[in-house]
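Values reported hereafter were calculated over all heavy atoms of this structure, with side chains retained and with hydrogens, waters and symmetry mates removed. Chain identifiers are assigned alphabetically (A, B, ...) following the order of the sequence lines, protein sequences preceding nucleic acid strands; residue numbering begins at 1 within each chain.
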Amino acid sequence: MPELPEVEVVRRGLASWVAGRTVADVQVLHPRAVRRQPAGAGDFTARLTGTTLGTAQRRGKYLWVPLAGTGTGFSLIGHLGMSGQLLVQDPSVPDETHLRVRLRFADGGRELRFVDQRTFGGLAVEEAEDGDPEGTPVSIAHIARDPLDPRFDDEAFTAALRAKRTTVKRALLDQTLISGVGNIYADEALWRTKLHYDRPTATLTRPQAALLLASARDVMTAALAVGGTSFDSLYVNVNGESGYFSRDLDAYGREHEPCRRCGTAIRRAAWMNRSSYFCPRCQRVPRARSGG
DNA sequence: CAGTGGCCCTGTCTGC
DNA sequence: TGCAGACAGGGCCACT
């Protein structure tokens with residue numbers, strides 16, 4: 001379940017393994033993997049072949065690699081979805097079961113493979129937002145900066161958060177408000193801040209909002225330092241290696257286990273067709289609201 | 001316009 | 001053993 005730290009690990013891998021290399025050949029093995037390419041797989045392949053890859057960039061959970069060689073302003077953009085992997089593999093390694101896209105390079109070295117079991121992720125070649133010095137692809141111009149971005153505006157975020165008429169976990173997962181936070185790190189940030197996931201954002205005090213942001217930033221920074229979170233082989237870096245943060249999680253996936261702060265059993269609640277993990281003692285349910 | 005919720009997708013696990 | 005259903009869940013988009 002790649003969130004910001006996991007995607008950043010992949011970005012670094014791409015920056016060190018594929019930057020500066022020229023694409024010799026592209027294979028799309030599953031059309032759904034390039035469904036965001038409006039003109040289809042043939043167009044994707046044509047736009048990519050012969051280009052030279054630049055240094056991978058990231059915003060939230062999106063990655064993009066600027067392309068040079070056949071004109072400017074285009075990037076290879078990717079999202080890993082839930083189960084996507086970008087692997088840098090020796091050509092002799094047998095194809096993975098869920099291999100969706102393969103890029104071979106002119107140097108004949110290790111190839112780039114997009115592997116995705118559930119195909120929620122995907123790749124596309126896309127033009128940059130007009131006049132954007134960072135070369136942000138058009139389709140992700142609406143994605144907010146993430147808390148590890150030096151240009152993230154803390155004051156603007158906390159003000160926008162408190163102005164929202166929604167609940168706090170929903171807001172954390174809203175990628176137009178703050179990007180890179182998924183279910184795992186949302187639960188972790190809420191646990192650290194002692195906030196219940198259904199707490200109305202409008203009731204947050206300024207210090208609570210600031211602490212929530214600091215907690216999200218802290219937990220993702222800590223996860224990044226140990227290579228991200230992974231529970232199984234579904235999430236790996238470009239070399240197929242797992243991160244170690246799962247052992248440091250305080251809430252997510254810890255149903256029935258004692259809260260590391262107060263000892264109360266962590267509870268799992270059904271929420272928005274997924275799960276929320278929280279400590280029922282540290283993170284009290286908000287008072288009932290009238291209306292929606 | 002802002003907020004809400006259905007849907008996409010497949011492998012793994014559990015229960016009958 | 002086989003089958004059905006729950007579950008994992010980010011982001012898009014139709015709807016209110």
Point to revise | Atom-to-atom span, CD1 of Ile178(A) to P of dG10(C) - whole angstrom | key: 14 Å
Review point. Of all the choices, dG10(C), dT10(B), dA8(C), which nucleotide is nearest to the side chain of His98(A) once you look at every atom?
Key: dT10(B)
Review point. Taking only side-chain nitrogens and oxygens of His79(A), does any of them come within less than 4.0 Å of OP1 or OP2 of dG11(C)?
Key: yes
Short N/O separations, protein against nucleotides 12-15 of chain C, under 3.5 angstrom:
| residue | atom | partner | partner atom | Å |
| --- | --- | --- | --- | --- |
| dC12(C) | OP1 | Tyr62(A) | OH | 2.6 |

Study note, to complete from the structure: When rounded to whole Å, the CD to C1' distance for the pair Glu255(A) and dA8(C) reads 14 Å
Exercise for review: Check Arg35(A) against Arg32(A) and note the closest heavy-atom contact, atom names and distance.
Suggested key: NH1-O, 2.8 Å
Check your understanding: Taking OP1 and OP2 of dA8(C), is either one under 4.0 Å from a side-chain nitrogen or oxygen of Ser275(A)?
Key -> yes
**Study point:** Residue whose closest nucleotide on DNA chain B lies nearer the 5' end, Ala163(A) versus Asn273(A)
**Key:** Ala163(A)
Review point. For Arg217(A), which of Asp149(A), Asp146(A), Asp154(A) qualifies under salt bridge (Lys or Arg N to Asp or Glu O under 4.0 Å)?
Key: Asp154(A)
Practice item. Please work out if Arg32(A) contacts a base, only the sugar-phosphate, or nothing of the nucleic acid, heavy-atom cut-off 4.0 Å. Key: sugar-phosphate
Check your understanding: Does dG10(C) have OP1 or OP2 sitting under 4.0 Å from an N or O in the side chain of Arg274(A)?
Key -> yes
Check your understanding: With a 4.0 Å cut-off on heavy atoms, is Arg268(A) in touch with a base, just the backbone sugar-phosphate, or nothing at all?
Key -> sugar-phosphate
Check your understanding: With a 3.5 Å cut-off and no angle check, do the side chains of Gln89(A) and Glu96(A) form a donor-acceptor pair?
Key -> yes
Check your understanding: Does a side chain donor of either Thr201(A) or Thr166(A) reach within less than 3.5 Å of an acceptor in the other side chain?
Key -> no
Review point. Is the closest side-chain donor-acceptor distance between Thr158(A) and Arg162(A) under 3.5 Å?
Key: no
Point to revise | Pairs flagged by salt bridge (Lys or Arg N to Asp or Glu O under 4.0 Å) wherever residues 166-175 of chain A is involved - sequence neighbours left out | key: Lys164(A)-Asp174(A), Lys169(A)-Asp187(A)
Point to revise | Charged tip of Arg59(A) within 45° of Trp64(A) ring normal and under 6.0 Å | key: no
**Study point:** For atom CG of Leu80(A) and atom P of dG10(C), their distance in whole Å
**Key:** 12 Å
**Study point:** Between C1' of dC8(B) and CZ of Arg118(A), the distance in whole Å
**Key:** 13 Å
Practice item. Check every atom of dG11(C), dA8(C), dT4(B) against the side chain of Thr166(A) and return the nucleotide holding the closest atom. Key: dT4(B)
Check your understanding: Looking only at side-chain N and O atoms, does Lys61(A) come under 4.0 Å of OP1 or OP2 in dG11(C)?
Key -> yes
Exercise for review: Starting at atom CZ of Arg162(A), determine the distance to atom C1' of dA2(B), rounded to an integer number of angstrom.
Suggested key: 19 Å
Exercise for review: Quick one: sort the Phe152(A) and Phe157(A) rings into parallel, tilted or perpendicular, breaks at 30° and 60°.
Suggested key: tilted
Exercise for review: Give the rounded distance in Å between these two atoms: CG of Asp187(A) and P of dG10(C).
Suggested key: 10 Å
Point to revise | Rounded distance (Å) that lies between atom C1' of dG10(C) and atom CG of Leu4(A) | key: 14 Å
Exercise for review: From the options dG11(C), dG5(B), dG10(C), select the nucleotide whose nearest atom is closest to the side chain of Arg170(A).
Suggested key: dG5(B)
Check your understanding: Given atom CD of Gln117(A) and atom C1' of dC13(B), what is their separation to the nearest angstrom?
Key -> 13 Å
Check your understanding: So which nucleotide from dG11(C), dC8(B), dG5(B) ends up closest to the side chain of Met272(A)?
Key -> dG5(B)
Exercise for review: Can you figure out which of dC9(B), dG3(B), dG11(C) approaches the side chain of Arg165(A) most closely?
Suggested key: dG3(B)
Practice item. Give a yes/no answer on whether the side chain of Gln175(A) brings an N or O atom under 4.0 Å of OP1 or OP2 in dG11(C). Key: yes
